[in-house]
Every structure is written in structure tokens, then in C-alpha cells.
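This report refers to the structure that appears directly beneath it.
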Amino acid sequence: MCGIVGYIGNKSALDILLDGLTNLEYRGYDSAGIAVNVDNQVELYKAEGKLQNLKDVTALNRAHIEKSTIGIGHIRWATHGAPTKTNAHPHSCNCGRVAIVHNGIIENYKELRAKLEKQGCVFRSQTDTETVAHLIASKFANTKDLAEAVKLASKEIEGAYALCVIHQDVKDTIIATRRNAPLLVGIGEGEYYIASDVPAIIKYTKKAMYLDDNQIAVLTPNSMKLIDIDNNALTPKIEELPWEPVALSKMGYKHFMLKEIHEQPNVVRNVLAGKLRAIDENVILNEVTLDKDRIKNLNRIQIVACGTSLHAAMVGKYIIEQYCGIVVDVEPSSEYIYRKTITDKNTLVIGVSQSGETADTITAIRQAKSKGSHILIITNRPDSTMAREADSLIPVSAGIEVSVAATKSYMAQVISFYLLAIYMAEIKGSVAVQDLERLKKELVLLPQKIEKVLSHKEDVQVCARKFANSKDFIFIARGINFPTALEGALKLKEISYINATGYTAGELKHGPIAMLDESMPVLSILVKGGVYEKILSNSEEAKARNARMIALTNSEDTKLTDLFECIIRIPEIDEMLSPALAIVPLQLLAYYISEFLGKDVDQPRNLAKSVTVE
Ligand code: M6R
């Protein structure tokens with residue numbers, strides 16, 4: 001949560017900071033700010049609300065601010081303290097000589113604040129971050145060495161942080177450090193860029209160094225020194241960033257979400273490439289380092305994830321149990337970490353995460369790792385914290401996802417689960433070869449079917465207009481598409497703020513049916529297969545209570561037209577693979593409803609793309 005940028009070099013820092021923050025807006029957008037050093041004076045500029053407000057503030061003083069060739073910036077997703085200008089970063093100390101930006105949570109900030117207040121520090125904000133600014137300033141007053149001051153302060157801080165610090169008295173230096181929150185340093189010619197994520201700097205450099213926990217980078221325009229918290233000198237590990245700047249363009253689409261929905265056919269092709277080479281060949285998944293005997297002996301799989309990734313994991317459970325005959329438990333990471341979990345070396349623990357930085361999932365996999373389980377990570381960010389913790393890593397290659405509402409990363413995760421299930425089933429011999437071949441054939445055909453859905457969006461648009469003013473929405477499904485119902489409902493509530501819930505259709509009559517009346521839309525996911533008739537009959541029950549019925553179906557059954565007010569059609573597909581196709585119209589439905597209502601599609605209120613706090 002929150003985005004950090006920093007720059008030191010020979011160019012004006014202002015536009016680099018604002019540009020970096022623009023590309024980090026997906027991490028939070030409650031307020032924003034920058035700190036620069038102009039004419040030997042640290043100056044702070046802050047604004048509440050969207051980044052544009054900060055851009056407007058700095059525009060008033062552009063010629064002056066532009067003089068600074070050093071600066072730090074921040075875009076906030078509020079944790080401690082309301083999203084106001086006062087609570088916006090950067091934060092400073094009594095004398096205003098230090099400025100810091102912070103991502104994470106300082107757990108012992110109350111104790112630190114009490115101690116600092118006794119020493120005369122005057123706090124202006126309600127944030128945990130301001131304690132760090134005062135703490136560093138007080139350490140600097142004694143040491144006159146900024147790196148030393150940051151080092152001493154970090155020994156007193158408990159919690160998670162990525163920090164960037166400047167000080168008026170050391171005007172050619174930025175200090176960057178982290179513990180349990182991501183931070184990287186981009187390397188240019190006579191300049192350094194700092195960011196909490198690649199999009200902020202990829203336009204300027206592809207050479208970067210990821211900081212590890214408790215490392216401190218001391219940056220001047222012409223030098224980078226890396227030390228640890230005990231002052232040992234370290235050798236920076238410089239990497240080539242695997243991203244292209246073009247990933248951050250909307251490519252003519254009105255919103256990133258719409259662009260990302262349309263990228264899904266190619267995302268499927270990318271995920272399959274090199275892994276599924278022919279229908280009659282075994283799936284190749286060299287990324288899984290668990291040896292074949294251990295796969296055969298697995299007695300249990302636990303999958304931990306949050307939000308949309310959790311729904312992908314639920315599809316994963318269904319297919320792994322179906323094809324591999326291994327018991328799979330799926331649990332939200334935030335629940336997994338607060339109870340006694342039973343894992344051992346014959347348990348495979350899978351962490352699923354678009355960002356690879358979700359704090360609860362990181363904690364969950366660390367917990368499982370400490371008990372000896374093999375950790376397999378499925379993530380869109382092979383450069384993330386989670387990826388670094390992995391014993392096996394399946395990078396899902398969806399490309400950078402900017403919209404807060406996850407779409408293409410869900411698709412990539414789901415397809416990765418199909419590959420994993422087939423891979424393990426082939427090792428275990430747990431299912432007939434013909435069944436696996438049928439599934440592989442369907443996987444290969446999937447991109448074209450998604451393209452068909454994307455080129456016939458009219459049904460979805462009509463339905464979106466009809467139901468956009470609904471206060472509530474119910475999605476029902478059974479079996480392998482229950483996660484599709486949950487994900488469809490999540491997409492809708494995230495970006496339109498309509499109260500949407502997914503239910504297993506059979507549960508409707510055990511309570512939710514009481515809510516049905518002529519104002520309640522019920523969307524039935526009716527894919528031909530084992531549970532088709534059952535869902536149809538549950539839909540009849542809902543219709544009998546006057547609910548407004550919508551079908552998402554691949555059936556041509558004529559009786560559907562009497563039962564459903566709106567019918568959204570998808571191509572023929574094997575029920576086992578249908579979640580990967582059925583989700584696409586639901587993403588579009590959420591998108592068009594949100595757009596129709598004039599909501600902020602890519603940056604819905606209260607949300608952030610990457611939830612790096614527990
Ligand atoms: O990066 P992760 O996949 O770990 O993120 C998990 C959730 O925060 C995320 O899926 C969230 O629910 C999205 N906003 C869904 O659109």
C-alpha cells in the first residue's frame with residue numbers, strides 16, 4: 001500500500017517524481033506529496049485526494065520547484081490517520097530539515113511518539129510515519145551522519161517499512177531502506193531512482209537493485225553505497241527489469257481495466273506457451289522443483305490467497321481434486337495466519353498473488369515454510385517478495401496489471417492451475433489420458449473463444465444498462481463455477497459499489513431467498529454439464545419469488561427465454577474449463593455498469609492494488 005518514489009541526479013526531480021507517482025497511483029490515492037531541496041532548503045508540497053491535486057499545487061510554483069535535482073514523493077493509502085493534507089507524506093521534524101516518505105506500518109509508534117514528545121518533538125499528524133521523521137532527526141542531531149541516523153532509527157522501529165529520507169544538511173544524499181515492504185533502486189547515468197514498484201521508474205531505466213530487508217542504500221548522484229543494519233558493506237545485486245514501458249499505456253482503451261480484459265486471449269496463449277506444446281505430450285512445468293516422488297506422496301495441498309487470487313485458488317482446488325485426487329484446502333491468508341494450521345513435509349502449500357506483495361499471504365507462506373512444507377508461488381510478479389520466498393515459482397506472465405480490479409491476472413492464475421493439475425495428474429497417473437487430452441484441447445481453443453466473447457459484447461452492454469441502477473445483485477452457480485459467481489460479484493462491488501454476493505445456487509433456499517423480490521437481479525451461471533439442470537431449477541425458484549433473472553449460458557435451450565429477462569451467451573465449452581470463459585462477460589458486466597454509473601473504474605474508492613499491510 002502507498003507508493004514511494006525518489007530521485008537524485010542531474011535532472012530536475014519534479015516531473016520524475018510526479019510521473020513516478022502517476023504510475024504508482026494504483027497503490028493508493030488518498031493524498032500525495034513530494035519533498036525537494038531548493039536553494040538548500042527542504043520544502044514539502046502536499047495535497048489531499050487524487051494526485052491531480054498535488055500536480056495543481058506544484059504547478060503554481062513550478063519554476064521554483066523545478067530547480068531541485070533531488071526529491072522524494074509519496075502516494076498514500078491511509079492506515080493511521082485520515083486521508084488529509086496534514087497526514088499526507090512526506091513528514092518532517094520540528095525544524096523541518098528532514099523529510100521522509102514511508103510505506104508500511106510502524107507497530108510501536110505510540111511508544112516512540114510518547115518518548116519523542118517527552119524530548120520536545122511536536123507532532124502535527126496522526127500518522128505512525130511522523131514518529132520516524134522525528135526519530136531520524138533526533139539521531140541526526142547527535143551523529144551528523146544521515147545513514148547512521150537512519151540505521152539507529154531502524155533499530156528502534158518495529159513493524160514494516162520502506163523509507164526514503166532526505167535532510168537539508170546533506171543536500172546531495174538520499175537514504176533508502178526497507179523491512180517487509182518492497183523498495184528498489186533504479187540506476188541511471190549519474191542518477192538514481194527509487195520506487196516501491198517498477199512502473200514508477202521503467203521509463204527511465206531498466207537497471208535496478210531490489211533492496212532486501214534491513215539493507216540501507218546511501219545514494220548520491222554519482223555513488224551508491226549499500227550497507228546492512230550493522231554497518232557491514234554489501235555488494236549491490238543489479239538486475240535487468242523484465243518490463244517494457246508500453247505496458248503502462250491504455251493503448252486507446254478508455255480504461256486500463258477494459259484494456260486488460262481484452263488482453264486475456266493473449267495472456268492465455270502466453271501462459272500455455274512452452275508448457276503445453278501438444279495435446280498428446282505431457283505438460284512441462286520445470287518451475288515445479290518438487291520431485292516426482294514427493295508429488296506422488298503428497299497427502300494434502302493448502303492454498304492461501306486473498307481477494308481475486310483466492311477465487312482463482314478455489315477453481316484450483318476443484319480441478320486438482322478432480323484430476324489429482326489430492327485433498328486441497330483453500331483459505332484466505334488472513335485467516336490461515338491466526339490459527340493452528342496442520343502442515344508437514346507431505347503438504348504442498350501454494351501461495352497465489354498477483355502482486356506477490358500481499359502482506360497476509362507473505363506471512364502465511366512464511367508460517368508454512370517454517371513447518372517444512374514446500375512452498376509453490378503462483379504470481380504475476382517474479383520480482384516480488386513472495387517469489388523470493390518460493391521453493392517453486394510459477395510466474396503467470398500476464399504483464400503489468402494497472403487497474404485495481406484484477407482481471408487478466410485472474411485468468412493467468414486460473415490457467416496456471418489447469419497446467420499444474422494436468423502436470424501432477426500426469427505424474428500420478430490419476431486420471432485417464434483421454435480426459436487430460438480433452439482438457440488440453442479445450443485449453444488450446446480457449447483464446448479464440450474469449451475473443452468471440454469480446455467481439456460480441458452487446459448482450460453484456462444491454463444487460464449493464466438495464467441493471468446499473470440496482471442496489472443489490474446476486475450471482476448463483478454450482479460446482480466449479482461457484483468461484484466464478486464470487487469473482488463476478490467481487491468485480492461488481494469493487495468498481496460500482498453495488499452490494500453484490502455470490503452464492504452456491506443450492507444454498508439460495510436456505511436463507512438468501514428471503515431477499516428476493518422484483519428489485520433483485522439474480523444472475524445464474526448456467527453452463528451445460530453436471531449441474532446445469534440443478535441451477536436451472538434454482539433459477540425457477542428465484543423467478544417464482546419475482547427476482548429479475550439474468551442468464552450467463554452456453555445453452556441454446558429455448559425455455560431460457562421465458563425464464564430470463566437478459567441472456568448473455570458464451571461459446572460451447574467443457575464444463576471443467578468453463579470458469580476461464582464464463583468470467584469474461586462478468587468482468588465486462590462490472591466494467592460497463594461502473595462506466596454507466598460514472599464511477600472511477602481503474603481507481604475505485606478505498607481500494608489499493610497491492611495490500612502490503614496486514
Ligand atoms: O496481489 P494479490 O493477488 O495478492 O491481491 C489480492 C487482493 O488484494 C486482490 O485480488 C483484490 O481483491 C483485487 N482488488 C481484486 O480485484
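Indexing begins at 1, ligand by ligand and atom by atom, following the structure's order.
- Checked against a 3.5 angstrom limit, the closest N/O atoms of Gln413 and ligand 1 fall outside it.
- Remark: the Asn481 side chain and the Ser578 side chain contain an N/O donor-acceptor pair separated by less than 3.5 Å.
- Using a cutoff of 4.0 Å between basic side-chain nitrogens and carboxylate oxygens, Asp19 and Lys203 are scored as salt-bridged.
- Judged purely by distance below 3.5 Å, without hydrogens or angles, the side chains of Thr407 and Glu260 never pair a donor atom with an acceptor atom.
- Remark: the backbone N or O of Ala162 is not paired with any side-chain donor or acceptor of Asn103 at under 3.5 angstrom.
- Atoms of ligand 1 found under 4.0 Å from any heavy atom of Val404, numbered from 1 in the order shown, are 13 (C), 14 (N), 16 (O).
- With respect to Lys50 and Glu25, no salt bridge is recorded, no charged nitrogen being found less than 4.0 Å from a carboxylate O.
- Looking from atom 15 (C) of ligand 1 to the surrounding protein, the closest heavy atom is Thr308 OG1, 3.0 Å.
- Residue-level proximity to ligand 1 for Glu357 is absent, since no heavy atom of it falls below 4.0 angstrom.
- The closest protein non-hydrogen atom to atom 13 (C) of ligand 1 is Glu494 OE2, 3.3 Å.
- Every atom of ligand 1 with a heavy atom of Cys306 under 4.0 Å away is listed here by number and element: 6 (C), 7 (C), 10 (O).
- Protein heavy atom in closest approach to atom 5 (O) of ligand 1: Thr358 OG1, 3.4 Å.
- The distance criterion of under 3.5 Å between nitrogen or oxygen atoms is not met by Val352 with respect to ligand 1.
- Atoms of ligand 1 found under 4.0 Å from any heavy atom of Ser355, numbered from 1 in the order shown, are 1 (O), 2 (P), 4 (O).
- Annotation: His262 is in aromatic contact with Tyr253 [ring centroid separation under 6.0 Å].
- Side chain of Ser455 to main chain of Glu451: a donor-acceptor pair is present (N/O by atom type, distance under 3.5 Å, no hydrogens or angles).
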